[in-house]
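Notes to accompany the following structure.
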Amino acid sequence: MFQPVPARPDLVALEHGVLAQWRERATFSRLRAQNAGGKPWSFLDGPITANNPMGVHHAWGRTYKDLFQRFHAMLGEDQRWQNGFDCQGLWVEVNVERDLGFTSKRDIEAYGIAEFVSLCKQRVLTFAARQTEQSVRLGMWMDWNDPEELRRLRDLLAVDPSQTTTIQGPHGPITDTVEQLVGRLGMPDVGGSYFTFSNENNDLIWGFLRECNKRGWIYKGHDSMPWCPRCGTGISQHEMTEGYQDREDPGLTVRFPLVDRPGEALLVWTTTPWTLAANVAAAVGPELEYVRIRQADATFWIGKGTLKQSVRGPFEVLESRKGSELVGWRYTGPFDDLAAVREAFAKGTRDAPDVPYEHRVIPWTEVGEDEGTGIVHIAPGAGAEDFQLGKSLGLPAIGPIDESGHYYSGFGWLTGREAPAVAEAIVDDLERRGFFYHLEPYNHRYPHCWRCQTPLLFRLVDEWFISMGPVYDQPRETLTREQVDASLRYQIMEIVDQIRWIPGFGYERELDWLLNMHDWMISKKRYWGLALPIYDCPNCKTFTVLGGVADLEELAQDGWEKFKGHTPHRPYIDEVTIRCSGCGEPVQRIADVGNPWLDAGIVPFSTIHFREDREFWEKWFPADFITESFPGQFRNWFYAMLAMSTVLRREPPFRTIFGYGTLVGEDGRPMHKSWGNSIEFDEAAERMGVDVMRWMYASARPEDNILFGWHTADGARRRLLVLWNTYSFFVTYARLAGWTPTAARAAESPMDRWVLARVARLAAAVEDRLQDVDPAAAARLIDAFIEDLSTWYLRLSRRRFSRNADPADRDAAFSTLHAALVTVTRIVAPILPFMADDMYGNLVPAFDADAPDSVHLTSWPSQEVARFADPALETAMAMARRVVDLTRTLRGTAGLRVRQPLARMWLALPGADVRLVETLLGLIAEEVNVKAIERIDDESTLVDRRVKPLLPKIGKRLGAAIPAVMTAARDGAFELHADGSVTLGGVTLAADEVEILATPRPGTAVAHDEGLVVVIDTDLTPALRAEGDARELQRAIQDLRKDAGLDLDARIELWVAGLPAEVEPHLASVARETLADTVTQGAAPEAGGATQASVELTNGTASIAIRGLQAGSTGT
RNA sequence: GGGGGAGUAGCCCAGUCGGUUAGAGGCGCCGAGCUUAUACCUCGGAAGUCGGAGGUUCGAGUCCUCCCUCCCCUACCA
């Protein structure tokens, strides 16, 4: 017997039960064993940052990852099932700093880098364990580490990283120091998720960097770079985009008095007053027009086009000149007395190093007039474009601030002060000294640190880059081999060409990024991350890039013993000096750590053992499939993998990339705790259940944002409950009937054959959609099927499952519904792993000793059910359903409820499948409660024929004659010819250029749709009315049974009073349908525990009462 | 600033090669009906200047031009 199933399931409890069962039965290990040796399907997991608990947005992507892995497992394909954690970088550092209450890098240095780095590792282990547990809860099947073991390693690491311990690997126990075991996580002997902080990961990046250096692509850049004063590090172009925010800055207009033109001054505008101390020049547009104006006793030079926005108060224009005429004018800078300025200027320019430099006007074609004064303040030490401009003219550069954003010494009263905070003081100072002109707040988008939201400053620094190569000003297809070989970006583009991008715009977007990106800045002046293997000799200016820790050991001069035994992280790695390849002097590693996208970009190599097991690597590389949320990844993970694979192999690291959008609250706004639209993963899992979440995710259109919230979840749950209710119905009635699955029997009735045909098509169609990476379409197909199964198959077949049904037909119905449900559980298993397995577990294993005990161990069912396919039957059934709809509409307008039987209806059917539809007439008649259906033929007086010209076929040919033809068609003014052609509107159309449809004659009570015409006989005889009354009576009694909470098979006593005589003949059948053992004409006895009601019938009101005969019946 | 996408019913959104009556679907609303699997489901209804303006065409939600709004990518305009 099937286990009883509640009508309203507790999905969360169900999920916990299934999780326990998977654990106890080792279901996942058995699946892996079962598919071992199968055709490989290589999924590569993009690492999730192990820095916080995972959120519902992660669950979206992880649902995709899991559903595709499960689907391919059902195809029998072998997989690696390796999850990944992203471990290194500023993300983790910032949180550790916050926990410690640190505000600057000085705090970290004081605390100790070794201890700080250890805390970063511990944090990663903490959240790797946490995310592992959450992912398991989501139903994600991966080769997970035991979270307790990760926490144990973390705790041991905190106490003493050098202590020895033992963990269980897939091939037996492994003993090593805690630090080394942590560094070996994810490697073949240790197993489990990969961690990007692993020794192997870091080491392979070193190899990649050495390869880049071999080709001359690594260089040290000296530039004005965006810089976060809080984090104390430069911000790369990749990171800038994420940090733009609206911000109000002081819009300050200052006067720069001209040295050679007494009484005249330039008006210059800036939004960063702190950079004025680094001013070197004032730029004008050589082609722009500038005017000299008089205001009170002062005269100013200003861009003509900026007068309106920049000049306050009345003024008089004195003269006008082109910008090029201003070039070379000397002016007095606002901070010329500062030692740092004097010192920088004393060195002169590149072209005249012996003559002290003086502030002057320089030309710059980029100067515009939309904002400011048309004269641009240039500070090469505090702005990127300024730096480039200064460099091209050989001007000096003044770098005013240190890594925490404070002025260096040599800046007088500014020294030691925080640059962004001195704006007000500088304004006061300038006002006092006569440099001030005007100040007003200015709102603009300004770059901020993506991690800590601090506004960025521009600072003169050295950073390390991988050159992306030249951008050629010509179409890609015209590039020569030599050009491509000289430019990494075009090499990557060739790789991008070989990848399938879903959605398609990802392809263009990646190419666009590659074409426009700057060189890849790989250095970060921080602590926790890849130790860049760059040894920059201060002595001879050559730098060495190592290709692995083995190189380091070989070249080590000093400090190897201090490093030995540690993972390749700061501070220990910094202890080792090597011999400079240029001059032989000892040289230290640069202090910088690496860009974290190097860490994630190498995983197509590091996680599949590129170095230590080439055969394995070749089996799994390239990945068949990756999927990630696309915001950011075109310039981050996707880019890093593409770049690294291009350098190392010049082949694609993955074949198909499936990107998806952003998860927002159900109000369409980003989730935000203070907006009340934010939902934590754990809360969602335990309140809505993860199958519901997975259904929402799978159904979402990936390229759009998904709206996630409790209400949208309710919608998804409703859909799933329809499936559940079908299953619950089946189990309830199978138990009542004592039916259990037996050898499959051929379905005979059209309805049974139809539902099996439907499920066969579903299996094939879902397979097709999932193979084509279109889960949303797969979910839509499943959704439509559930609807068909419940509201058509089951609705019409319900009586066949009842106790009174014909036993053979009832068996057929049970057998069919069982087969359909079992197949559906297998189809939905990848998306709804819990509900599917729970249903399957009840439907199958107890009755089939050969069947797997989990749906996830079954194979994809499309082959097995393919023989049920029957498209013609499906088409005919669709027509039958439309007939039923039309008939219901007619009954509604005529005020005839479906319970009221009708004598007959007439039906006009178009098309060729008439014979097939005829086999369905019985179904239609029963569903719409009519005694007989008559076909309407062409000669019928009930319908006319109508011509529908097929416009796409005739449009081009007829052109301007169309309106006349269409008017004639509408008016029915046409002439039919024997060969099927039609003349109308003065034109003759061939048979294949028109459709002939039936249409109701005006004035008839009919419904129609695309030539399908339904007419009902609304004439009610007394016999029909009596029969309707009987149905009414029967329904009222069933309602009473429901009210009384009686079991489905409880027998009852029935009393009926006031029943009109004409209904009496039907009483016996009413009693049979309502399981009434006794029927008494008259009122129920007083105080008999009976439930009563009254029923409105055609000829009066009847009173009814029932009493259950079955002891202790308290409902289902 | 440059590039891409989008704008269709109260909301989320389909809409093919241009085809005459704008609608697959979902949510919501109104009305009716059905029902001992389903506080569910079915049927019907209301409601739209297809962002705006021009153009091409026998015919435009669909193609073209310009404009408006939103989103995404990209960008240090001082």
Side-chain angles (χ1 to χ4, degrees), chain A residues 5 7-8 224-226 237 240-241 244 251 268-272 275 283 364 366-368 370-379 383-387 444-447 456 458 505 508-509 512-513 516-517 630-631 634-635 661-662 666 668 699 701 703-705 707 711-712 714-715 718-719 721-722 724-733 780 783-784 787 790-791 794-795 798 801 884-893 895 897-899 949-955 958-967 970 1035 1037-1048 1074 1115-1116:
Chain A
V5 170
R8 299 180 67 75
S224 261
M225 299 279 302
Q237 182 207 4
M240 287 281 284
T241 311
Y244 277 87
V268 173
W269 183 69
T270 182
T271 58
T272 50
T275 64
W364 188 29
E366 297 300 304
V367 174
D370 295 342
E371 288 173 317
T373 60
I375 306 177
V376 177
H377 152 59
I378 298 296
E385 277 181 312
D386 307 47
F387 184 85
H444 60 155
R445 274 166 65 73
Y446 191 84
L456 301 182
F458 282 80
F505 63 73
E508 280 84 18
R509 206 174 269 191
D512 185 59
W513 166 256
N516 292 303
M517 74 171 294
F630 38 60
F634 291 102
R635 62 175 186 278
T662 306
E666 62 188 350
S699 312
R701 283 171 320 181
E703 61 268 46
D704 282 356
N705 290 346
L707 305 181
H711 294 101
T712 50
D714 281 341
R718 262 204 299 276
R719 308 307 302 165
L721 287 187
V722 173
W724 182 269
N725 284 321
T726 309
Y727 160 68
S728 165
F729 171 92
F730 168 81
V731 170
T732 303
Y733 280 84
R780 271 196 301 276
D783 192 63
E787 185 79 10
S790 169
T791 64
L794 196 52
R795 177 186 168 83
R798 210 162 45 200
F801 295 92
V884 169
D885 285 350
L886 292 171
T887 311
R888 288 202 188 112
T889 304
L890 277 180
R891 295 187 76 114
T893 49
R897 49 182 49 163
V898 177
R899 276 196 297 279
L950 298 173
L951 276 166
K953 285 191 174 175
I954 62 171
L958 296 186
I962 295 272
V965 170
M966 296 309 290
T967 304
R970 260 193 295 274
R1035 190 191 63 83
I1037 296 166
Q1038 300 288 30
D1039 272 354
L1040 274 186
R1041 291 181 58 106
K1042 198 176 184 179
D1043 290 346
L1046 294 175
D1047 276 346
L1048 290 182
T1074 59
T1116 50

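What you see is a predicted model; the values in this text were computed from it and never measured. Reminder, nothing fancy here: chain letters follow the sequence lines and each chain counts from 1.
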Complement of [N], any strand, by Watson-Crick or G-U distances under 3.5 angstrom:
N     : value
B:A60 : none
B:U49 : none
B:A78 : none
B:G31 : B:C43
B:C70 : B:G5

Protein-nucleotide distance ([X], atom [atom1]; [N], atom [atom2]), rounded to Å:
X         : N     : atom1 : atom2 : answer
A:Trp724  : B:A37 : CH2   : P     : 18 Å
A:Asn725  : B:U42 : CG    : P     : 13 Å
A:Arg8    : B:C40 : CZ    : P     : 6 Å
A:Gln1038 : B:U35 : CD    : P     : 10 Å

- Item | Smallest separation among heavy atoms of A:Thr275 and A:His377, with atom names |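 Taking A:Thr275 first and A:His377 second, the nearest heavy atoms are OG1-NE2, 2.8 Å.
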
Atom [atom1], compared across [N] and [M]: separation rounded to whole Å:
N     : M     : atom1 : result
B:U8  : B:C50 : C1'   : 4 Å
B:G3  : B:C58 : P     : 34 Å
B:G23 : B:U65 : P     : 29 Å
B:A24 : B:A39 : C1'   : 28 Å
B:G19 : B:U62 : C1'   : 11 Å
B:G15 : B:C76 : P     : 37 Å

- Without swapping roles, check the side chain of A:Thr791 against the backbone of A:Glu787 for a donor-acceptor pair under 3.5 Å.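 Between the backbone of A:Glu787 and the side chain of A:Thr791 there is a qualifying donor-acceptor contact (under 3.5 Å).
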
- Query: Under the 3.5 angstrom rule, does the side chain of A:Tyr727 hit a backbone N or O of A:Val722 as a donor-acceptor pair?
  - Reply: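 Side chain of A:Tyr727 to backbone of A:Val722: no pair is present.
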
- side-chain N/O A:Arg798 vs B:A37 OP1/OP2, d < 4.0 Å: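 So the side chain of A:Arg798 is within the cut-off, an N or O lying under 4.0 Å from OP1 or OP2 of B:A37.
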
- Task: Respond yes when some side-chain nitrogen or oxygen of A:Tyr733 is under 4.0 Å from OP1 or OP2 of B:A37, and no when none is.
- Result: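 So the side chain of A:Tyr733 is within the cut-off, an N or O lying under 4.0 Å from OP1 or OP2 of B:A37.
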
- Do A:Thr732 and A:Val5 pass the side-chain contact (heavy atoms from CB on, under 4.5 Å) test, and can you show the C-alpha distance, the side-chain angles, and the key distance before you say yes or no? CA-CA 7 Å; A:Thr732 303; A:Val5 170; 5.8 Å; no

- Under the ring pair (Phe, Tyr, Trp, His ring centres under 6.0 Å) test, residues paired with A:Phe801 that sit two or more places apart: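 Counting only residues at least two positions away or on another chain, A:Phe801 forms a ring pair (Phe, Tyr, Trp, His ring centres under 6.0 Å) with A:Phe729, A:Phe814.
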
- Yes or no on side-chain contact (heavy atoms from CB on, under 4.5 Å) for A:Arg899 and A:Arg1035, after CA distance, side-chain angles and deciding distance? CA-CA 9 Å; A:Arg899 276 196 297 279; A:Arg1035 190 191 63 83; 2.9 Å; yes

Mind listing the N/O atom pairs, protein and nucleotides 73-78 of chain B, below 3.5 Å?
residue	atom	partner	partner atom	Å
B:U74	OP1	A:Arg635	NH1	2.9
B:U74	OP2	A:Arg635	NH1	3.1
B:A75	OP1	A:Gln237	NE2	2.2
B:A75	OP2	A:Thr241	OG1	3.0
B:A75	N6	A:Arg445	NH2	3.4
B:C76	N3	A:Glu385	N	2.8
B:C76	N3	A:Glu385	OE1	3.3
B:C76	N4	A:Glu385	N	2.6
B:C77	N4	A:Asp370	OD2	3.1
B:A78	O3'	A:Thr270	OG1	3.3
B:A78	O2'	A:Trp269	O	3.2
B:A78	N6	A:Gly368	N	3.4
B:A78	N6	A:Gly368	O	2.8
B:A78	N1	A:Gly368	N	3.3

- Message: Applying side-chain hydrogen bond (donor to acceptor under 3.5 Å, both in side chains), can you list everything that pairs with A:Thr270, at least two apart in sequence or on another chain?
- Response: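 Residues passing side-chain hydrogen bond (donor to acceptor under 3.5 Å, both in side chains) with A:Thr270: A:Thr272.
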
- Query: Touch check for A:Ile954, heavy atoms < 4.0 angstrom, all strands: base, sugar-phosphate only, or nothing?
  - Reply: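 No contact.
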
